[in-house]
Asks: 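Structure provided below as structure tokens; questions to follow.
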Amino acid sequence: MQNLLHNLNPEQLAAVTLPPQNALILAGAGSGKTRVLTTRIAWLIQTGQVSPAGILAVTFTNKAAKEMLARLSGMMPINTRGMWVGTFHGLCNRLLRTHYRDAALPQSFQILDTQDQLSMIKRLLKANNIDDEKFPPKTLMYFINNNKDQGLRASAVEAYDAVERKMVELYQLYDDQCQREGVVDFAELLLRTYELLARNQPLREHYQQRFRHILVDEFQDTNNLQYAWLKQIAGHGTGRGGALFAVGDDDQSIYAFRGANVGNMSSFESEFQVKNLIKLEQNYRSHGHILDAANVLIANNSRRLGKNLRTDAGHGEQVRVYEASSDLQEAQWIVDEAKNLVSEGSRRSEIAVLYRSNAQSRVIEHALFSAGLPYTVYGGLRYFQRAEVKHAIAYLQLMDNPHNDSAFLRVVNFPTRGIGARTLEQLQNAAETYGISMYAAVPYMVGKAGSSLSAFVKLIEGVRFETQQMALPELVRITLESSGLLQHYANEKEGADRVENLEQMVSAATQFVGEEGYGQGAPAHLGPPSEAQAGAAIINADGVEILDADAPMATVMSPLSAFLSHASLEAGDNQAQAGQDAMQLMTVHSAKGLEFDNVFITGLEEGLFPHESSSKEDGGVEEERRLMYVAITRARKRLYMCFCQTRMLHGQTRYNMKSRFFDELPEESLKWLSPRVQSHWFANKKATWEDAKLTGGSDNAVAQRMAEKAGTAGWRIGESVVHGKFGEGVIVNIEGSGANCRAQINFGSAGMKVLDLSIAKLERLGR
DNA sequence: TCTAGATGGCTTTTT
DNA sequence: GCCATCTAGA
């Protein structure tokens with residue numbers, strides 16, 4: 001116990017040892033949030049306040065769940081079994097598998113990932129002859145998901161015009177189709193569980209009584225449905241529910257675009273009458289200047305719960321700021337600085353390059369590659385999303401649930417078996433006529449089309465039969481061979497990687513079977529034990545027998561079903577060579593939760609960061625500012641920020657102003673590495689900053705002489721200017737010469753203006 | 001059925 | 001400028 005609580009600061013200690021009541025912990029970046037969460041759980045158990053079975057800990061990502069479990073088992077001698085630690089989706093999956101009948105799902109229901117969902121919607125639109133120009137599949141998908149995230153079924157959605165009414169209609173058709181196929185999308189996992197518990201009182205009360213302590217990580221990222229789910233399981237308003245311990249940071253809320261509602265934090269505070277609010281403001285990560293920058297920046301946001309980070313680490317170095325003439329030069333500068341860092345003894349893996357959007361990585365990657373600096377880019381295709389792996393998964397899905405039309409369509413003609421579009425169209429019509437799956441509709445097909453289709457069905461049935469008694473890895477191997485997938489890719493010229501990925505599936509299955517507690521030899525197909533065997537049967541006060549979803553997954557679902565869930569819910573790693581000491585390239589979003597000694601924040605330009613589309617949305621700029629806050633607080637020792645005058649974007653050269661966030665940072669914490677007058681026009685003339693110095697005179701003067709020669713009244717494209725009315729801007733283009741010279745100037749928030757250079761009162765922005 | 005060429009779109013991301 | 005997706009034609 002002493003050991004457990006030792007080294008906690010007073011706020012952390014207070015949070016860990018709070019009485020068993022609802023609590024909100026405002027945990028700033030680098031304040032030891034995960035530590036508090038896990039120590040709280042360990043403390044509750046070790047003081048005998050709760051048994052492991054009374055703990056429910058919810059996270060958003062599998063990574064966070066795993067980390068929590070790892071830390072817990074390192075902290076406690078007792079094992080973590082019986083404790084529920086997982087993602088919202090993972091926990092819901094477990095509940096639905098156990099109570100599949102009450103949830104009106106087939107036992108082997110399958111989970112659609114985003115790709116599957118979209119292709120399903122496309123199919124739906126086609127089948128109903130809907131113009132997909134008028135109803136873009138993606139729009140419909142967002143519509144459906146957003147409504148589910150709000151807890152709204154099609155029947156509950158209010159439509160105000162014809163288009164919306166149609167969308168609602170399609171939403172209903174989509175749900176019907178999912179139900180027929182026995183598949184659920186991600187949002188459905190949550191909504192279905194919520195509805196299950198709402199409808200089923202004994203079940204609801206059972207879980208409410210069981211979970212005495214519910215702990216939630218990254219609470220600011222919850223959407224409305226997730227919050228409702230938590231309220232339900234915590235028995236809000238019943239007077240006998242468990243205590244909800246929510247940990248979050250409103251300043252790090254960066255997922256509003258996918259439905260997260262920071263407002264849930266204050267709703268929680270008022271609705272649960274939270275008396276225990278603790279702020280963790282002691283930062284153990286960053287040096288002073290970095291923290292000052294973060295604090296001063298985020299203070300520009302209104303509607304904060306209010307929090308200020310402090311450190312004992314001392315000021316450290318200033319934030320280094322660099323203005324490049326072009327994105328190419330920005331990348332080169334990063335290379336140079338990174339080389340310096342490495343030669344000063346930094347590990348490459350302690351250097352992170354952050355950007356707002358993925359498109360920015362290309363130029364940087366190119367520069368790093370040319371310089372021979374090893375790097376890894378986060379955010380590529382995940383293992384289970386690769387086409388060949390998805391194909392293999394589809395075959396496995398058909399073994400487990402042949403009525404999954406998405407899986408059927410994906411592989412019915414892959415590798416090609418002479419089953420063309422027309423055949424499938426007919427099959428689809430038949431399926432629709434009889435209200436059955438495409439697989440089930442095959443016997444209704446006649447002629448040549450019919451025979452090639454039945455051959456496919458025979459293939460699936462054959463493999464299913466052949467593997468009846470086999471363990472999962474063996475089943476996977478047989479499937480890969482019998483389906484012809486391995487052959488197909490082996491024959492392809494560039495198929496070696498794909499073959500390797502497919503073969504990796506066998507080891508993935510082996511590993512999975514071991515980790516999930518299935519016997520290595522357990523038959524993959526064997527149905528789960530009867531409900532009486534699975535978990536402990538519980539008799540509630542009304543004499544109703546309830547099965548608790550407590551049993552290990554092995555008793556709730558077959559190895560094959562479990563493996564398929566795993567493939568959907570945990571798309572796998574996307575990190576390349578993990579072993580190598582490589583620089584880390586990623587978006588600011590994916591950097592959340594990570595920390596590095598050295599961090600570059602790149603592309604700090606108006607329109608890019610803050611992103612231009614954010615200014616249209618309500619509160620968009622505040623979210624961008626939080627994103628910037630997240631970026632800054634990733635750095636431990638050294639932070640770099642950079643931007644450029646010229647950038648290639650969408651195939652066009654753009655001239656952006658430096659980000660407004662620079663004006664919101666404390667000047668004394670910044671160190672400008674470059675004067676502000678270098679223009680891209682120079683760069684185009686292959687004149688570098690050094691050249692300008694050599695040619696003599698002040699740099700400004702040189703630039704001006706060159707501009708005057710060009711007859712642009714001394715002004716250059718790319719130059720930063722100040723206008724009395726419009727403020728700071730960047731010259732984007734100059735037309736005409738002499739007295740008729742007019743300039744197009746991007747004034748950022750004041751918009752784009754065309755000004756007559758002989759009339760407009762402009763001043764040069766120097767530094 | 002396969003391939004080349006045209007088209008469109010383009011912020012962020014986990015499950 | 002790049003990528004995924006669609007379409008026309010061999």
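Lettering of chains follows the sequences in order, A, B, ..., and the numbering in each one begins at 1.
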Asks: Could you tell me if the ring centre of A:F456 sits under 6.0 Å from that of A:F408?
Replies: yes
Asks: Could you give the CZ-to-C1' distance, from A:F88 to B:dT15, as a whole number of Å?
Replies: 11 Å
Asks: Whole Å only: how far is the CG atom of A:L118 from the P atom of C:dA4?
Replies: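 Atom CG in A:L118 sits about 15 Å away from atom P in C:dA4.
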Asks: Using whole Å, what does the distance between atom P of nucleotide B:dT15 and atom CG of A:N223 come to?
Replies: 14 Å
Asks: Is the shortest distance from a Lys or Arg side-chain nitrogen in A:R382 or A:E570 to a carboxylate oxygen in the other one below 4.0 Å?
Replies: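 Result for this pair is no, no salt bridge flagged.
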Asks: Which atom pairs, one a donor and one an acceptor, fall under 3.5 Å between side chains of residues 216-230 of chain A and the rest of the protein, sequence neighbours left out?
Replies:
from, atom 1, to, atom 2, distance (Å)
A:D217, OD1, A:K33, NZ, 3.1
A:E218, OE1, A:Q220, NE2, 2.8
A:E218, OE1, A:K592, NZ, 3.4
A:E218, OE2, A:K33, NZ, 3.2
A:Q220, OE1, A:D249, N, 2.9
A:D221, OD2, A:K592, NZ, 2.8
A:T222, OG1, A:F219, O, 2.8
A:T222, OG1, A:N264, ND2, 3.0
A:N223, OD1, A:L225, N, 3.0
A:N223, OD1, A:Q226, N, 2.8
A:N224, OD1, A:N261, ND2, 2.9
A:N224, ND2, A:Q150, OE1, 2.8
A:Q226, OE1, A:N223, N, 2.8
A:Y227, OH, A:F268, N, 3.3
A:Y227, OH, A:E271, OE1, 2.8

Asks: To the nearest angstrom, how far is A:D217 atom CG from B:dT15 atom C1'?
Replies: 15 Å
Asks: When you match A:A187 and A:A421 each to their closest nucleotide on DNA chain B, which lands nearer the 5' end?
Replies: A:A421
Asks: Contact class for A:T114 vs. all strands (heavy atom < 4.0 Å): base, sugar-phosphate, or nothing?
Replies: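 Contact class for A:T114: base.
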Asks: Can you give me the N/O atom pairs linking the protein to nucleotides 8-13 of chain B at distances under 3.5 Å, or say none if there are none?
Replies:
from, atom 1, to, atom 2, distance (Å)
B:dT11, O4', A:H611, NE2, 3.3
B:dT11, O4, A:E617, OE2, 3.1
B:dT12, OP1, A:N358, N, 2.7
B:dT12, OP1, A:N358, ND2, 3.1
B:dT12, O4', A:R356, NH2, 3.0
B:dT12, O2, A:R356, NH2, 2.6
B:dT13, OP1, A:T587, OG1, 2.6
B:dT13, OP2, A:N358, ND2, 3.3

Asks: Check the distance between B:dT14's P and A:K66's NZ and give it to me in whole angstrom.
Replies: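 Checked: the NZ to P distance equals 14 Å.
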Asks: Answer yes or no: is there an ion pair linking A:R647 with A:E330, defined by an N-O contact shorter than 4.0 Å?
Replies: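 Yes.
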Asks: What contact category does A:D113 fall into here, base, sugar-phosphate, or nothing, at under 4.0 angstrom with non-hydrogen atoms?
Replies: nothing
Asks: CZ of A:R417 versus P of B:dC2: gap in Å, rounded?
Replies: 12 Å
Asks: A:K122 has a side chain; which of C:dC6, C:dG1, C:dC3 sits nearest to it?
Replies: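 Per side-chain heavy atoms of A:K122, the pick is C:dC6.
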Asks: Indicate syn or anti for B:dT12, taking the glycosidic torsion and treating anything within 90° of 0 as syn.
Replies: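 That one's anti.
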Asks: Could A:R71 and A:E67 be called an ion pair, given the rule that one side-chain N must be under 4.0 Å from one carboxylate O?
Replies: yes
Asks: Looking at A:R304 and A:E622, does any basic side-chain N land under 4.0 Å from a carboxylate oxygen?
Replies: no
Asks: Hey, does the side chain of A:N62 come within less than 4.0 Å of B:dT14's phosphate (OP1/OP2), counting only N and O?
Replies: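 No, no such contact exists.
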Asks: Could you state the CD-C1' distance from A:E133 to C:dC6, rounded to the nearest angstrom?
Replies: 11 Å
Asks: Base, sugar-phosphate alone, or nothing: which one does A:N413 contact when heavy atoms must sit under 4.0 Å apart?
Replies: sugar-phosphate
Asks: With sequence neighbours excluded, tell me which residues meet side chain to side chain donor-acceptor pair (under 3.5 Å) with A:S452.
Replies: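 A:S452 satisfies side chain to side chain donor-acceptor pair (under 3.5 Å) with no residue once adjacent residues are dropped.
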Asks: Report the distance from atom CZ of A:R654 to atom P of C:dG1, rounded to the nearest whole Å.
Replies: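 Checked: the CZ to P distance equals 14 Å.
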Asks: Quantified in whole Å, what is the P atom distance between nucleotide B:dT13 and nucleotide C:dA4?
Replies: 16 Å
Asks: I'd like the P distance from B:dT12 over to C:dT5, given in whole Å.
Replies: 16 Å
